[in-house]
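Here the structure comes first, spelled out in structure tokens, and everything after it is commentary.
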Protein chains: 2
Amino acid sequence: MTDSATEAADGKRDRLIASAVELVYRDGVERPTLVQIAEAADVPPGNVYYYFRTKDELIQAVIESRAAQVTDLLGTLDRRRTPAARLKALARNWLEFRDMVAAQGCPLGTLSVELNDHGEDLGRQSEKLFAPLIDWSEDQFREMGCRNAREQALTLISTVQGAALLSCVFSDTEILASQVHRLERWIDSLA
Amino acid sequence: MTDSATEAADGKRDRLIASAVELVYRDGVERPTLVQIAEAADVPPGNVYYYFRTKDELIQAVIESRAAQVTDLLGTLDRRRTPAARLKALARNWLEFRDMVAAQGCPLGTLSVELNDHGEDLGRQSEKLFAPLIDWSEDQFREMGCRNAREQALTLISTVQGAALLSCVFSDTEILASQVHRLERWIDSLA
DNA sequence: GTCTATAAGATGATAGAC
DNA sequence: GTCTATCATCTTATAGAC
């Protein structure tokens, strides 16, 4: 897909995406300017428009980068033996980044909220962040023999997202920790 | 507190806050310009600065307006006889506005996320939105004789917030509905 | 006390240089 | 193909008119 002959070999495009991902996570979609993003990526200011036609197109790349992270995570979790172990490992993933979550929120949740404020184009893209997560969880619950696997999956992700939000609001990692632990016990009770 | 002799009798200030609350809910904190807010409030554009020193001060008024809504809601719920009825009525409150939540998210949750992107000043104000809600819920759970009332309260609000987020992401009121109903059954099981 | 014309600065985007 | 000087626009904020 990526033709190294026509792509910049020095990866400026990738650096722009990386710094956009970072700045959008810290400051939201609206606040970071293209100049700030370019500076953080060590790319000349006006140069951004060679790699992206509009700012929205750069944001689109940020969304895809986050979606790819989700895919990677699920791929890693699939190596675990039992569905219960996979689900618990998923929940614990947020715990692993508890400090980050308490400081800036869940990268998926906050991005979704901000995208919803935008026009039709980007607004619906947030589905791409959560659908794989929920579908994957549903598969695990079903493999565990759960009747309403879909609702269980939504319960899991809802709670994690809500806990991440409150954890950030109160800058308190314990809120996230206690909810994740409760979810682990709940998953065990279903196994 | 409000001196009608020095305040504009035609309520322009209140109209500005009202339209700011609306626009911030729809488009976030950053996107709406003072001109848009003024137009929506039927107030001359540059006139905003007579009522508010800066845009942040207007946003501050938006936060206080939302916080007042929370206080009002809790006051209404207090009229119910049992703590379980009060808690269930709280959860059902989000259900009442399910269409709004599915379209734009929870007014409290989305505002909190956006405030977190701002500087120190406004960033921490989101506590004022959720602390009363959680403290009040904790009181109800304790009155029900629950041991860890604090964690129960956090479970309740976390789940509602997460469900509101996913409900908005997928524009699906059913996600919110099924989670609220599950919470109602849970509260009943504790009573 | 109430409001408006205007400034000062920044932002996304483009035309065209190298 | 890669990059930069510059534009048109918009946004917050203010000085000062009524």
Side-chain angles (χ1 to χ4, degrees), chain A residues 1-21 23-24 26-63 114-115 117-123, chain B residues 1-24 26-63 114-115 117-122:
Chain A
M1 218 58 97
T2 304
D3 186 347
S4 59
T6 56
E7 288 274 341
D10 46 4
K12 284 187 183 175
R13 195 187 139 94
D14 288 342
R15 290 214 308 278
L16 281 170
I17 295 174
S19 80
V21 165
L23 282 172
V24 166
R26 286 182 62 90
D27 300 336
V29 170
E30 217 65 31
R31 284 172 77 90
T33 70
L34 293 175
V35 175
Q36 282 179 307
I37 294 168
E39 274 176 2
D42 244 313
V43 171
N47 204 341
V48 178
Y49 285 91
Y50 173 65
Y51 298 99
F52 301 95
R53 281 171 54 87
T54 72
K55 187 182 179 182
D56 276 7
E57 206 171 272
L58 176 53
I59 299 298
Q60 177 68 38
V62 169
I63 298 168
E114 314 237 6
L115 289 175
D117 294 336
H118 282 251
E120 306 287 307
D121 308 331
L122 291 175
Chain B
M1 216 60 95
T2 304
D3 186 348
S4 59
T6 56
E7 289 272 341
D10 46 3
K12 284 187 181 174
R13 194 187 140 93
D14 289 341
R15 291 213 309 277
L16 282 169
I17 296 174
S19 79
V21 165
E22 181 102 2
L23 281 171
V24 165
R26 285 182 62 89
D27 300 337
V29 170
E30 217 65 32
R31 284 171 77 90
T33 70
L34 294 175
V35 176
Q36 283 179 307
I37 294 168
E39 274 176 2
D42 244 314
V43 171
N47 204 341
V48 178
Y49 284 92
Y50 174 64
Y51 298 99
F52 301 94
R53 282 171 55 87
T54 71
K55 186 182 179 183
D56 277 6
E57 205 172 273
L58 176 53
I59 300 298
Q60 176 69 39
V62 170
I63 298 168
E114 313 235 6
L115 288 175
D117 295 335
H118 282 252
E120 306 286 308
D121 308 331
L122 291 175

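Just so it is clear: chains get the letters A, B, ... in the order the sequence lines come, proteins before strands, and each one is counted from 1.
Distance, B:Tyr51 OH to D:dA13 C1': 17 Å, rounded to whole Å. One interatomic measurement links the two molecules: CG of A:Asn47 to C1' of D:dT6, which rounds to 15 Å at whole-angstrom precision. Distance CG (B:Leu58) to C1' (D:dT11): 14 Å, rounded to an integer number of Å. When the P atom of D:dA13 is taken as reference, atom CD of B:Glu57 falls 10 Å away, rounded to whole Å. Distance, B:Leu23 CG to D:dT11 C1': 15 Å, rounded to whole Å. One can place OH of A:Tyr50 at 18 Å from C1' of D:dA5, the figure rounded to the nearest angstrom.
Under the 4.5 Å side-chain criterion, counting only non-hydrogen atoms from C-beta, A:Tyr50 is not in contact with A:Leu16. Side chains of A:Asp117 and B:Glu114 form a contact here, defined as non-hydrogen atoms less than 4.5 Å apart. Between A:Ile59 and A:Leu115 the shortest side-chain heavy-atom distance falls below 4.5 Å.
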> Taking protein heavy atoms under 4.0 Å as touching, what does nucleotides 12-18 of chain C look like 5' to 3' if B marks base contact, S marks sugar-phosphate-only contact and - marks none?
Replying inline: SBB----

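With hydrogens and angles ignored, the 3.5 Å screen pairs no side-chain donor or acceptor of B:Gln60 with any backbone N or O of B:Asp56.
Looking at every heavy atom in both residues, B:Asp42 comes nearest to B:Arg15 through O-NH2, 3.1 Å.
An OP1 or OP2 oxygen of D:dC3 is reached within less than 4.0 angstrom by a side-chain nitrogen or oxygen of A:Lys12.
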May I have the list of side-chain donor-acceptor pairs in residues 32-39 of chain B shorter than 3.5 Å, sequence neighbours left out?
unit_1  : atom_1 : unit_2  : atom_2 : d
B:Thr33 : OG1    : B:Val35 : N      : 3.4
B:Thr33 : OG1    : B:Gln36 : N      : 3.1
B:Gln36 : OE1    : B:Thr33 : N      : 3.0

